[in-house]
Amino acid sequence: MTQPDHDHASVKAELDWLTTEFFRAVSFEEGEAPPYDNIYELFIEAGLIVKNTGSTPEISSVRQFIEPRLAMFQSGEMTCFYEMELLESTEVFGKVAHRFISYAKSGSTNGVPFTGRGMISTQFIQTPAGWRISAMAWDDERPGLSLPERYEPMGAAHR
């Protein structure tokens with residue numbers, strides 16, 4: 001049995017909201033405090049966040065993800081950070097969903113500006129309290145690894 005379109009649309013709206021709120025919670029302008037605490041309400045309690053940009057995956061709980069970033073902000077090492085979704089593909093089946101996202105990020109660490117792009121794989125589950133993120137994993141572009149063409153923003157191939 002397939003999900004009715006109206007149900008799919010409301011689930012998709014919830015997943016869009018969770019994704020948008022995650023990016024808001026990790027982004028902050030110079031002079032602002034990052035709203036990292038908002039991340040807790042977006043994930044299930046045992047949620048995992050995996051940074052897989054190096055030779056070994058960095059697997060963290062939500063708390064373990066937030067603490068070093070907060071320390072970087074509090075020490076003045078990271079003064080701003082912005083991350084945004086570029087394009088996405090979302091699949092929903094019953095009480096589970098997956099979203100594959102291309103994203104762009106920018107910020108300043110130790111006074112040095114940086115930019116980057118990559119892909120995030122996010123898993124969601126429906127809970128009694130509504131949809132929540134259960135796991136998130138990402139990798140960044142680097143020489144030899146570029147965003148898939150279908151996840152490139154329009155016109156990016158002509159830059």
Side-chain angles (χ1 to χ4, degrees), residues 11-92 96-148 151-153 156 159:
V11 169
K12 176 73 166 58
E14 265 194 87
L15 303 180
D16 290 348
W17 181 85
L18 285 165
T19 303
T20 299
E21 290 305 305
F22 177 81
F23 286 126
R24 279 191 187 137
V26 298
S27 299
F28 61 99
E29 298 289 331
E30 196 156 338
E32 291 182 352
Y36 293 140
D37 280 349
N38 295 346
I39 298 171
Y40 289 107
E41 71 186 47
L42 306 175
F43 280 78
I44 62 171
E45 187 175 342
L48 290 178
I49 303 177
V50 181
K51 178 181 179 181
N52 204 12
T53 61
S55 58
T56 304
E58 295 175 28
I59 302 169
S60 307
S61 67
V62 174
R63 181 187 53 76
Q64 292 166 328
F65 171 79
I66 292 171
E67 286 178 350
R69 284 159 181 79
L70 184 58
M72 287 174 64
F73 166 74
Q74 290 172 335
S75 73
E77 183 180 343
M78 186 166 45
T79 55
C80 62
F81 183 81
Y82 179 73
E83 192 168 46
M84 65 178 279
E85 180 178 273
L86 299 174
L87 292 172
E88 58 84 14
S89 173
T90 301
E91 298 281 335
V92 179
V96 297
H98 176 260
R99 187 176 188 111
F100 207 39
I101 299 166
S102 60
Y103 70 92
K105 63 183 174 181
S106 62
S108 182
T109 304
N110 293 319
V112 179
F114 65 86
T115 61
R117 301 185 324 161
M119 296 293 296
I120 300 174
S121 173
T122 306
Q123 292 180 332
F124 304 87
I125 62 169
Q126 188 177 32
T127 73
W131 285 88
R132 296 292 182 268
I133 300 169
S134 57
M136 180 179 277
W138 75 92
D139 197 357
D140 291 340
E141 284 186 315
R142 56 185 167 273
L145 183 63
S146 299
L147 294 184
Y151 287 99
E152 283 280 1
R159 283 192 258 181

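Keep in mind that the numbers below use all heavy atoms, side chains included, and drop hydrogens, waters and symmetry copies. Residues: numbered from 1 along the sequence shown.
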Heavy atoms only: give me the nearest [X]-[Y] pair and the separation to one decimal.
| X | Y | answer |
| --- | --- | --- |
| Arg63 | Tyr40 | CA-OH, 3.5 Å |
| Ser27 | Pro35 | O-CD, 3.7 Å |
| Ile59 | Gln64 | O-OE1, 4.3 Å |
| Thr115 | Ser106 | CG2-CB, 4.0 Å |
| Thr19 | Glu85 | CG2-OE1, 3.2 Å |
| Trp138 | Ile120 | CB-CG1, 3.6 Å |

Walk me through whether Tyr151 and Arg117 qualify under side-chain contact (heavy atoms from CB on, under 4.5 Å). CA-CA 11 Å; Tyr151 287 99; Arg117 301 185 324 161; over 6 Å; no
Fit a plane to each ring of Phe114 and Phe81, take the angle between them on a 0 to 90° scale, and name the class: parallel (under 30°), tilted (30 to 60°) or perpendicular (over 60°). tilted
Do [X] and [Y] have side chains that get closer than 4.5 Å, going by heavy atoms?
| X | Y | result |
| --- | --- | --- |
| Leu42 | Phe124 | no |
| Val96 | Gln123 | no |
| Glu67 | Ser60 | no |
| Phe43 | Arg132 | no |
| Met72 | Thr109 | yes |
| Arg99 | Lys12 | yes |
| Met136 | Phe22 | yes |

Step-by-step side-chain contact (heavy atoms from CB on, under 4.5 Å) determination, Ile101 to Leu86: CA-CA 7 Å; Ile101 299 166; Leu86 299 174; over 6 Å; no
Between Glu29 and Cys80, is a side-chain contact (heavy atoms from CB on, under 4.5 Å) present by the stated rule, with each step listed? CA-CA 5 Å; Glu29 298 289 331; Cys80 62; 5.6 Å; no
Using only atom types and a distance under 3.5 Å, with no angle test, would you say the side chain of [X] pairs donor to acceptor with the backbone of [Y]?
| X | Y | result |
| --- | --- | --- |
| Ser121 | Ala137 | no |
| Ser102 | Glu152 | no |
| Arg142 | Asp140 | yes |

Using the ring centroid of each side chain, check whether Tyr36 and Phe73 are separated by less than 6.0 Å. no
List the steps, then state whether side-chain contact (heavy atoms from CB on, under 4.5 Å) holds for Phe23 with Met84. CA-CA 6 Å; Phe23 286 126; Met84 65 178 279; 5.6 Å; no
